[in-house]
Protein chains: 4
Amino acid sequence: MARKATSGSSGGGGTGPGTARAGATAPGTTAPGATAAVPERLLAEATRLFAERGYDRTSVQEIVEAAGVTKGALYHYFGSKDDLLHEIYGRVLRLQTERLDAIAARPVPVTERIAEAAADVVVTSIQNLDDTKIFFRSIHQLGPEKQKAVRAERRRYHETFRALIEEGQRDGLLRPEPRPDLVVDYFFGSVHHLGTWYHADGPLTAEQVAAEFSDLLLHSLRPPATPGDPT
Amino acid sequence: MARKATSGSSGGGGTGPGTARAGATAPGTTAPGATAAVPERLLAEATRLFAERGYDRTSVQEIVEAAGVTKGALYHYFGSKDDLLHEIYGRVLRLQTERLDAIAARPVPVTERIAEAAADVVVTSIQNLDDTKIFFRSIHQLGPEKQKAVRAERRRYHETFRALIEEGQRDGLLRPEPRPDLVVDYFFGSVHHLGTWYHADGPLTAEQVAAEFSDLLLHSLRPPATPGDPT
Amino acid sequence: MARKATSGSSGGGGTGPGTARAGATAPGTTAPGATAAVPERLLAEATRLFAERGYDRTSVQEIVEAAGVTKGALYHYFGSKDDLLHEIYGRVLRLQTERLDAIAARPVPVTERIAEAAADVVVTSIQNLDDTKIFFRSIHQLGPEKQKAVRAERRRYHETFRALIEEGQRDGLLRPEPRPDLVVDYFFGSVHHLGTWYHADGPLTAEQVAAEFSDLLLHSLRPPATPGDPT
Amino acid sequence: MARKATSGSSGGGGTGPGTARAGATAPGTTAPGATAAVPERLLAEATRLFAERGYDRTSVQEIVEAAGVTKGALYHYFGSKDDLLHEIYGRVLRLQTERLDAIAARPVPVTERIAEAAADVVVTSIQNLDDTKIFFRSIHQLGPEKQKAVRAERRRYHETFRALIEEGQRDGLLRPEPRPDLVVDYFFGSVHHLGTWYHADGPLTAEQVAAEFSDLLLHSLRPPATPGDPT
DNA sequence: TATGAATGAGATTTCATTCAT
DNA sequence: TATGAATGAAATCTCATTCAT
């Protein structure tokens, strides 16, 4: 058995998020810079195709053809088509979780941390727009236990974000009325739908969208200005 | 070939939302109070199943079994599986478009109309949660020309909503900074994602969510309070 | 759903043992005597092929080609390749069980009933030699619950036979020493292996083999001749 | 390519039953007492797995995993999966042939030799129950020429046994009526089916079964008692 | 002596759709 | 208005085997 990407592979192990992210060529690969290692190539093409025509509408045959290998090779590295999807999810989730954790830990006012976190998730969602598209369209096509794993990771992300909002409300920097969990669902609904309308060649850069979204979020939470306290 | 539900079948005809929703028996149906007419039953079961396991994962066989008819019957009323999905889309779109148009035409301040429209779309999305789920998961699985038709209707809806925002900004009732189209995408992202987290047996009623979402939207657009102008 | 041969179909229902055995043409079939109905043809070809090259070595493709239909047709009638095998088993088992029950109930001395039963199972095993071959080679390739069902039916058959032997021993017509269950396993081992050596074009008719096997069985159970009791 | 176990490898060489069974380490193996040599381990696991789930249902991958080696290693020692099966067959056949030859040569009355041979084959079949199971289920899955080779060896074994029966009939110690070849098929059918019902943890020891089977065989051949000749 | 990535052919099964009745 | 047998194409996955190292 080769290193099949099994379920519990989150957390740095697995089919080489390390290699995949670092861009380092796996041992046994040909010239660096030429063709990437097979698993990475498979993941990249799968991501592109899933985003383009959906998980169910993309056949394994199309993926391997795009990656220039045979089906046997795919199944040498990934246990199933499901695994491929799961691995794609894992990559984005890990990336965004790491970044959010870093931002949440910064020694700056909580409103600033929220603004930064909001802007950051928009930017990374746009930078990985294919993954974003796939995520919210295809989660239901994952096997039940893998789906649970992904949802659990997602929930952890949301909870971290919610904690920031709660902190802001406790400190009186944000309006106390909105329910934090609803705010999170409200904001991330917007983020997750970036994939349905954002285009790289449109009029807006990722950063512009990020700034606007972040601004809209904070304005909706901002306490009413009190006399002598011009925001 | 009898009255197949072709694309342009909007307008309240046979299989339309009106008859289906109101529970009125369509002409030519058996005893009222018995089982609903076949096309309605097919649409209802298809909606349920598509929401439950996705369009591609639902087989025609499953739909007809759930509706208690045979495949021949389905193809008697609908030209294809695609048609079924398209018809489901049509129902929600028509419903929500009608309501938005009515609200937009009311002789009340624009902020009030926006608040109402926002709350209303949340309520109807939750009331038709299955349709909402299907909509944003399965659009891509529609054939290209049907997809275009649906997107066009959707766009019209968004434009109506955007016009309200523009009006509010022109009149100085809303902050001028946010780009209206971005605001629309921002808000409807949230609405469309209701299907991923809202549960009827959860702690919140549709109206509570509607009030909060509407409130968040308006606060994010509210101009900064000026002295002597308490909002 | 068409009449798929589901597990519990033993006992006269199912994919038409009635039609299959009686040779009656199913409604909707063409000229009687011409080509048999599709399910029957599939079963017949599957039996032949499974006997010839084994269950695992026979592809569904080969079966449908031999039967002159498409794969879709096979799966219209049978839920799986497994089902086909199960149905084949069912036919022989039902046939032999019926015959044994009839013989066991005859109002003749038990030794005679045993002799007849032994001869009969040999004859019917040879007449359905393909089924016999398949039975003892392929049972293990059946799914677990179907395997259990088949074994249960088989056990019932063995128990009926064993009861005859016990009766003979109780009545003093057979030697008391041999354990009845071992005798059953001993004899049916021989019967089941007919498929490995018997050929229709060999020197022996089915009846000759039956007579010899029956004779060997009874001689091995015959009590020692007592003076004045020439058997 | 090193010493691949080719078809004609009988005669006690490297991978032979002698070394494997006795637990002696083959030349070139590591420390005695540690894990067995690789080819032996492969054969042992293959035997277990083939018996458990059948030849076709056991993948090469499963065998090498069970043996703790890689596929390359298997193909280093054995030319094919077929070879593995053939080698397993060879082991039992050689063992049983040797023992039968020894028994047949003993200077005791032929009835005694038959009784001993019958009991012996039962005992060794039970002691190597996995091989027994495999033998009669999987012969057909061997390539044609290997199948022929195995059948030829098997035939030789049967002929030796048949000769004993013929001798007994010639000498008037056995009933002359039964056809010797049929008797052989009759008895070995029983023996070969031991694998389908015997369990080591059942109520009977191998020796008890052997005694009963041998007894049943001889009673079925025993001439009718003549007055003044108490058996 | 052994590895393990990769192949390529083939396996079973599913499914939307058609059509004679 | 409805049936249901049948199609044919495509889908996912498995597996024995090879070969450069």
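Lettering of chains follows the sequences in order, A, B, ..., and the numbering in each one begins at 1.
Atom NE2 of B:His76 and atom P of E:dT18 are 15 Å apart (whole Å). Protein atom CZ of A:Arg57 is 13 Å distant from nucleotide atom C1' of F:dA10, rounded to whole Å. Between the CD atom of D:Gln61 and the P atom of F:dA16 there is a distance of 9 Å, given to the nearest Å. Distance B:Leu74 CG to F:dT1 P: 15 Å, rounded to the nearest Å. In this structure, the OH atom of A:Tyr75 is 17 Å from the P atom of E:dA11, given to the nearest Å. Following rounding to the nearest Å, C:Gln141 (CD) and E:dA11 (P) show an atom-to-atom distance of 15 Å. In this structure, OH of A:Tyr77 is placed 18 Å from P of F:dT14, rounded to the nearest angstrom. Taking atom CG of residue B:Leu84 and atom P of nucleotide E:dA16, one finds them 11 Å apart after rounding to whole Å.
Across the interface with DNA chain F, nearest-nucleotide mapping of C:Gly72 and B:Gly72 shows B:Gly72 to be the residue nearer the 5′ end. If you find the closest nucleotide of DNA chain E to D:Thr70 and to A:Val69, the one lying nearer the 5' end belongs to D:Thr70. Taking for each of C:Val60 and B:Glu62 the nucleotide of DNA chain E with the nearest heavy atom, the 5'-most of the two is the partner of C:Val60.
Here E:dA9 sits opposite F:dT14 as a Watson-Crick or G-U wobble pair (both hydrogen-bonding atom distances under 3.5 Å). Using N1 to N3 plus N6-O4 or O6-N4 for Watson-Crick, or N1-O2 and O6-N3 for G-U wobble, each under 3.5 Å, E:dA20 pairs with F:dT3.
Rounded to the nearest 0.5 angstrom, A:Glu65 CD and A:Ser59 OG are separated by 7.5 Å.
One finds a salt bridge joining C:Arg48 and C:Glu45 here, because a Lys/Arg side-chain nitrogen approaches an Asp/Glu carboxylate oxygen to under 4.0 Å.
The nucleotide whose nearest atom lies closest to any side-chain atom of A:Ser80 is, among F:dA6, F:dC13, F:dA2, F:dC13.
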Yes or no on side-chain hydrogen bond (donor to acceptor under 3.5 Å, both in side chains) for D:Tyr55 and D:Asp82, after CA distance, side-chain angles and deciding distance?
CA-CA 9 Å; D:Tyr55 177 78; D:Asp82 240 52; 3.3 Å; yes
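Between the side chain of A:Arg137 and the main chain of A:Gly54, no donor-acceptor pair closer than 3.5 Å is present. A distance-only check finds no donor-acceptor pair linking the side chain of A:Arg53 to the backbone of A:Thr58 [under 3.5 Å].
In terms of polar N and O atoms assigned as donor or acceptor, the side chain of C:Lys81 never comes within less than 3.5 Å of the base of E:dT13 in a complementary pairing. With hydrogens and angles ignored, a donor-acceptor pair under 3.5 angstrom links the side chain of B:Lys71 to the base of E:dT17.
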